[in-house]
Amino acid sequence: MLRALHSLYDNRDGVTFVEFALISPVLLIAMMGGLDLAFNAYTSTMLRGAVQDAARDATIENSNTTALDTQVTNSVHNVLPTATLSFDRWSYASFSEIATPEDFNDLNGDGLCNDGEPFEDSNGNGVYDLDRAKAGDNGGARDVVVYSVTMSYDRLFPAPALIGLPEEYSTTATTIVRNQPYDNLRPAPATGNCA
């Protein structure tokens, strides 16, 4: 009996298999995580390129927002057919107006647009806004356009879910361009009274 235990102790047959069985789950998770990270970096770069191409095309007169969104969608779906995309665009009269509130006369000095104080309706929507952007279009001649696309898709590998990351990967690409100087200039802003 003692001899059998001693020979079993000295036996090295199957050690490689046991070591591989212990190491392989960690190795596979690390490989899937690395591949997931690389694929997400690739799709983010591909989305940025597609958005920049579409934004350059948007700077010309009479560009069609639906056609530009379709152009980005087709570029993304060539690589990721299941990706969902959402599009946002805001136009401004100049770079210095990006994310700034509409101008108003602060008659009572409280720093708020209220009590019927007059304001300049830069985006033409009839109400005072903290961001003067005109949403949803490519603007007019010489306007500055912020074009943003958000892409979401299910991760290719389950490894990130094992460490608490969401099953869906989402990334946003944003670019800012100035339209070419064609004839369709932005009209002068209307005025209104704060509510």
Side-chain angles (χ1 to χ4, degrees), residues 28-100 102 122-127 129-187 189:
L28 288 173
I29 289 172
M31 284 177 47
M32 285 189 295
L35 289 171
D36 185 67
L37 183 66
F39 185 74
N40 294 340
Y42 169 71
T43 58
S44 295
T45 302
M46 181 253 327
L47 177 64
R48 272 195 305 277
V51 167
Q52 289 172 355
D53 286 346
R56 278 193 299 273
D57 292 345
T59 64
I60 61 174
E61 186 173 12
N62 298 325
S63 60
N64 182 322
T65 57
T66 304
L68 296 171
D69 293 348
T70 301
Q71 177 183 339
V72 173
T73 301
N74 290 340
S75 294
V76 169
H77 283 173
N78 284 336
V79 175
L80 259 165
T82 61
T84 57
L85 299 160
S86 62
F87 302 89
D88 292 306
R89 55 178 52 81
W90 306 272
S91 63
Y92 299 88
S94 68
F95 285 103
S96 63
E97 291 185 356
I98 294 176
T100 60
E102 294 176 316
S122 299
N123 55 20
N125 66 356
V127 295
D129 294 300
L130 294 175
D131 188 342
R132 65 178 65 211
K134 186 174 182 185
D137 73 351
N138 287 332
R142 294 186 177 94
D143 280 354
V144 175
V145 179
V146 178
Y147 184 48
S148 182
V149 180
T150 300
M151 172 180 66
S152 300
Y153 59 89
D154 290 333
R155 292 180 185 271
L156 297 180
F157 302 102
L162 296 175
I163 59 172
L165 294 175
E167 292 181 17
E168 185 176 81
Y169 178 75
S170 183
T171 185
T172 300
T174 301
T175 190
I176 302 172
V177 293
R178 182 169 204 138
N179 289 339
Q180 296 178 15
Y182 46 85
D183 292 337
N184 185 15
L185 292 176
R186 179 186 284 247

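In this text the structure is predicted, and so the values were computed from the model without any measurement.
In this structure, the separation between CD1 on Ile60 and CD on Gln180 is 7.0 Å, given to the nearest 0.5 Å. Distance check, rounded to the nearest 0.5 Å: CG of Asn138 to OH of Tyr147 gives 8.0 Å. One finds the CD atom of Gln71 at 9.5 Å from the CG atom of Asp69 (value rounded to the nearest 0.5 Å). We find the CZ-OG1 distance between Arg48 and Thr43 to be 9.5 Å, quoted to the nearest 0.5 Å.
Checked against side-chain contact (heavy atoms from CB on, under 4.5 Å), Thr73 has the following partners two or more places apart in sequence or in another chain: His77, Leu85, Phe87. Every side-chain contact (heavy atoms from CB on, under 4.5 Å) that Ile176 has, sequence neighbours left out, goes to Phe95, Ile98, Val144, Val146.
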| message | Using side-chain contact (heavy atoms from CB on, under 4.5 Å), reason through Thr171 and Tyr153 one step at a time and then give a plain yes or no. | response | CA-CA 9 Å; Thr171 185; Tyr153 59 89; 5.6 Å; no
| task | Give the intermediate values and the outcome of side-chain contact (heavy atoms from CB on, under 4.5 Å) for residues Leu35 and Met32. | result | CA-CA 5 Å; Leu35 289 171; Met32 285 189 295; 5.7 Å; no
| task | Starting from the C-alpha separation in whole Å, work towards a yes-or-no answer on side-chain contact (heavy atoms from CB on, under 4.5 Å) for Tyr92 and Ser122. | result | CA-CA 9 Å; Tyr92 299 88; Ser122 299; over 6 Å; no
| Please walk me through it: do Val149 and Val76 pass side-chain contact (heavy atoms from CB on, under 4.5 Å)? | CA-CA 11 Å; Val149 180; Val76 169; over 6 Å; no
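Using modelled atom types and a 3.5 Å distance limit, the side chains of Asn74 and Asn78 yield no donor-acceptor pair.
Annotation: side chain of Val79 is in contact with side chain of Tyr42 (closest heavy-atom distance under 4.5 Å). Proximity of Met151 to Val72: side-chain heavy atoms (C-beta onward) are nowhere separated by under 4.5 Å. Counting only heavy atoms from C-beta outward, the side chains of Asp154 and Thr82 never approach each other to under 4.5 Å. Between Arg56 and Thr175, the closest side-chain pair of non-hydrogen atoms is not below 4.5 Å. Between Arg132 and Glu102 the shortest side-chain heavy-atom distance falls below 4.5 Å.
The minimum heavy-atom distance linking Met46 with Ser75 is given by the pair SD-O, 3.7 Å. Looking at every heavy atom in both residues, Ser170 comes nearest to Thr150 through OG-CG2, 3.6 Å. Across all non-hydrogen atoms, the minimal contact from Leu68 to Ala58 is CD1-CB, 3.3 Å. The heavy-atom pair separating Ser148 from Thr174 by the smallest distance is OG-OG1, 3.0 Å. The two residues Asp143 and Ala93 make their nearest non-hydrogen contact at OD1-CA, 3.9 Å.
Applying the 6.0 Å contact sphere to CD of Glu168 captures more than 12 heavy atoms from other residues, nucleotides or ligands.
Using modelled atom types, no side-chain atom of Arg155 and backbone atom of Asn40 make a donor-acceptor pair closer than 3.5 Å. Judged by distance alone, the side chain of Arg178 and the main-chain N or O of Arg142 form a donor-acceptor pair under 3.5 Å. Judged purely by atom type and a 3.5 angstrom limit, Asn179 has no side-chain atom pairing as donor or acceptor with the backbone of Ala141.
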